[in-house]
Number of protein chains: 2
Amino acid sequence: MVVVRAGLSPERLTLAGAELADEVGFDQVTLSALARRFDVKQASLYAHLKNSHELKTRIALLALEELADRVADAVAGRAGKDALTAFANAYRDYARAHPGRYEAARYRLDPETAAASAGVRHAQMTRAILRGYDLAEPDQTHAVRMLGSVFHGYASLEAAGAFDHTDVAAQQSWDWTLDCLDTALRSRSTPRPAA
Amino acid sequence: MVVVRAGLSPERLTLAGAELADEVGFDQVTLSALARRFDVKQASLYAHLKNSHELKTRIALLALEELADRVADAVAGRAGKDALTAFANAYRDYARAHPGRYEAARYRLDPETAAASAGVRHAQMTRAILRGYDLAEPDQTHAVRMLGSVFHGYASLEAAGAFDHTDVAAQQSWDWTLDCLDTALRSRSTPRPAA
DNA sequence: GCATTTGCCTATAAGCTATAGGCAAATGCA
DNA sequence: TGCATTTGCCTATAGCTTATAGGCAAATGC
């Protein structure tokens with residue numbers, strides 16, 4: 001009776017959990033389901049994860065990390081509306097390709113964990129693309145929040161199927177929205193010499 | 001041994017469920033918790049609700065209804081930016097006053113239920129507001145989606161505490177955002193004679 | 001005043017999280 | 001190479017959840 005170990009680790013479990021989330025939804029990610037996936041008993045996972053909260057937190061951190069990487073990649077070398085579009089598309093594309101991970105990225109983290117997460121990179125990158133619009137504080141903060149709301153709101157509603165009822169393609173509305181945002185932000189630029 | 005009946009009904013259970021959601025979060029609303037609240041055994045609830053999905057669906061419908069009522073009330077007799085602001089504020093205020101119900105309003109409904117819900121009133125009211133901006137199709141649809149995204153995104157991020165880290169008041173960013181949206185929409189008005 | 005319906009009950013099963021304790025494989029070290 | 005320790009996964013168990021089946025008494029109908 002040769003017993004081969006499954007080779008579990010927090011990292012492997014997290015990755016498998018993220019895949020599971022994309023397949024069945026983040027709220028359906030359970031330790032039991034994960035254990036089944038590794039053909040292992042559910043209690044065995046507790047040797048690698050403190051509890052299911054830790055699993056979810058790790059998946060959330062993974063998603064934030066991946067999303068920040070993609071956005072960083074997309075905006076590199078771009079500025080102005082070009083950067084805005086690249087950021088927004090990277091964001092939306094990730095949410096569509098990885099719905100479970102995207103949900104996970106909204107999992108509520110305790111303050112210290114959040115502070116150490118890639119969430120701060122998101123805020124930094126948003127501020128970076130706003131450099132092309134010459135916004136002074138506190139307008140810049142307002143704009144960060146507005147953009148975050150639009151991107152998250154759109155991704156979230158689209159994932160929920162809210163745009164499925166009407167015959168207009170979600171892609172067109174997205175492009176239109178980005179255009180709109182660009183205009184709005186430019187109209188708020190401060191140091192433009194002649195109004 | 002006088003046994004007094006608890007007087008359960010789908011309506012009372014739904015309302016209590018909504019209150020419970022606001023107190024502990026929509027995902028913490030369970031039939032067991034609800035039964036405890038009525039000092040009744042959990043299995044008894046199945047006489048009034050098919051299952052927990054029905055409870056959640058009913059809470060979602062209640063929330064959509066309430067939200068639509070408030071918005072309708074707020075926008076009545078207003079037009080243009082005034083209407084936009086009233087709509088937006090009613091929306092955000094509801095989300096802040098009733099976080100659990102607001103979460104419930106995002107609960108995924110099956111298509112027929114959604115079609116019969118107050119969700120359609122939301123879309124109608126959004127279109128009504130946009131009448132003040134003279135947008136032709138498909139721009140109107142784009143605008144409906146953009147506004148929905150901003151409102152939902154903002155409420156959702158604010159509820160998640162995403163705006164707590166920076167010292168700028170969420171109210172100010174909200175006002176700024178609405179201003180921005182108004183400008184953006186006006187710049188897209190079609191039948192404005194002279195460009 | 002009796003029959004029917006209704007409302008809540010107990011009992012039970014299955015799935016989830018979590019803890020405790022056991023045993024064998026893997027590893028460390030002389 | 002051989003023994004002690006550590007590690008990895010196991011079983012067993014308890015408490016929580018949803019959900020179903022069947023029972024009995026209160027409420028209602030006639």
Side-chain angles (χ1 to χ4, degrees), chain A residues 1-62 100 103-104 107-110 113, chain B residues 1-62 100 103-104 107-110 113:
Chain A
M1 176 125 168
V2 183
V3 177
V4 182
R5 295 194 175 180
L8 306 180
S9 71
E11 290 72 26
R12 283 193 69 192
L13 290 170
T14 303
L15 192 56
E19 287 162 8
L20 188 58
D22 285 335
E23 291 164 22
V24 302
F26 184 60
D27 49 331
Q28 298 299 315
V29 173
T30 68
L31 291 178
S32 298
L34 202 53
R36 278 192 291 274
R37 179 158 291 217
F38 281 96
D39 206 32
V40 134
K41 296 298 169 182
Q42 166 268 334
S44 305
L45 303 191
Y46 285 88
H48 307 276
L49 301 166
K50 211 165 83 251
N51 47 36
S52 81
H53 175 64
E54 185 183 341
L55 172 65
K56 287 176 183 166
T57 300
R58 279 177 179 273
I59 298 175
L61 293 174
L62 172 70
E103 271 185 87
Y107 186 66
R108 187 141 201 177
L109 305 172
D110 29 322
T113 312
Chain B
M1 177 124 167
V2 182
V3 178
V4 182
R5 294 194 176 181
L8 306 179
S9 73
E11 290 71 25
R12 283 194 67 193
L13 289 171
T14 304
L15 192 56
E19 287 162 7
L20 188 58
D22 285 335
E23 291 165 22
V24 303
F26 184 60
D27 49 332
Q28 298 299 314
V29 173
T30 69
L31 291 178
S32 298
L34 202 52
R36 278 192 291 274
R37 179 159 291 216
F38 282 96
D39 205 31
V40 134
K41 295 298 167 182
Q42 166 269 334
S44 306
L45 303 192
Y46 285 88
H48 307 276
L49 301 166
K50 210 165 84 249
N51 49 35
S52 81
H53 175 64
E54 185 184 341
L55 172 65
K56 287 177 184 167
T57 299
R58 281 176 178 273
I59 298 176
L61 293 174
L62 172 70
E103 270 185 88
Y107 187 67
R108 188 141 201 177
L109 306 172
D110 29 322
T113 313

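Chain identifiers are assigned alphabetically (A, B, ...) following the order of the sequence lines, protein sequences preceding nucleic acid strands; residue numbering begins at 1 within each chain. All values below come from the heavy atoms of this structure, side chains included, with hydrogens, waters and symmetry mates left out.
Shown here is A/D39, whose CG atom has no more than 12 heavy atoms of other residues, nucleotides or ligands within 6.0 Å.
For B/K41, whose side chain is taken as the heavy atoms from C-beta onward, the closest listed nucleotide among D/dT17, D/dC9, C/dC9 is C/dC9. For B/L8, whose side chain is taken as the heavy atoms from C-beta onward, the closest listed nucleotide among C/dT17, D/dT20, C/dC8 is C/dC8. For A/Y46, whose side chain is taken as the heavy atoms from C-beta onward, the closest listed nucleotide among C/dC9, D/dC10, C/dT19 is C/dT19. The listed nucleotides are D/dC9, C/dA18, D/dA19; the one nearest the side chain of B/Q42 is D/dA19. Checking C/dC16, C/dC8, D/dC9 against every side-chain atom of B/S44, the shortest atom distance belongs to C/dC8.
Rounding to whole angstrom units, NE2 of residue B/H48 and C1' of C/dC8 are separated by 8 Å. Rounding to whole angstrom units, NE2 of residue A/H53 and P of C/dT19 are separated by 14 Å. Whole-Å rounding puts the B/K56 NZ to D/dT18 P distance at 8 Å. The distance from atom CG of B/L34 to atom C1' of C/dC8 is 15 Å, rounded to the nearest whole Å. Per the geometry, CZ belonging to A/R12 stands 13 Å off P belonging to D/dG8, to the nearest Å. In this structure, the CD atom of B/E54 is 14 Å from the C1' atom of D/dT18, given to the nearest Å. Separating the CD atom of A/Q28 from the P atom of D/dT17 is a distance of 18 Å, rounded to the nearest angstrom. To the nearest angstrom, P of C/dG15 lies 18 Å from CG of B/L31.
Considering only heavy atoms from C-beta on, A/L13 stays 4.5 Å or farther from A/R58 through its side chain.
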(request) Take B/H53 and B/T57, measure what side-chain contact (heavy atoms from CB on, under 4.5 Å) needs, and give me the verdict at the end. (result) CA-CA 6 Å; B/H53 175 64; B/T57 299; 3.5 Å; yes

Worksheet item: Under the side-chain contact (heavy atoms from CB on, under 4.5 Å) criterion, do A/L109 and A/L61 qualify, and how do the steps go?
Response: CA-CA 9 Å; A/L109 305 172; A/L61 293 174; 4.0 Å; yes

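For C/dC23, the paired base is D/dG8 (Watson-Crick or G-U wobble, both distances below 3.5 Å). Partner assigned to D/dG29 is C/dC2, using Watson-Crick or G-U wobble distances below 3.5 angstrom.
Between A/S52 and the phosphate of C/dC16, there is no side-chain N or O to OP1/OP2 separation shorter than 4.0 Å. For the OP1/OP2 pair of D/dC16 and a distance below 4.0 Å, the side-chain nitrogens and oxygens of B/R36 include no atom meeting the criterion.
Relative orientation of the B/Y107 and B/F26 rings is perpendicular, given thresholds of 30° and 60° on the angle between their planes.
Nucleic acid contact class of A/T30 (heavy atoms, under 4.0 Å, all strands): sugar-phosphate only.
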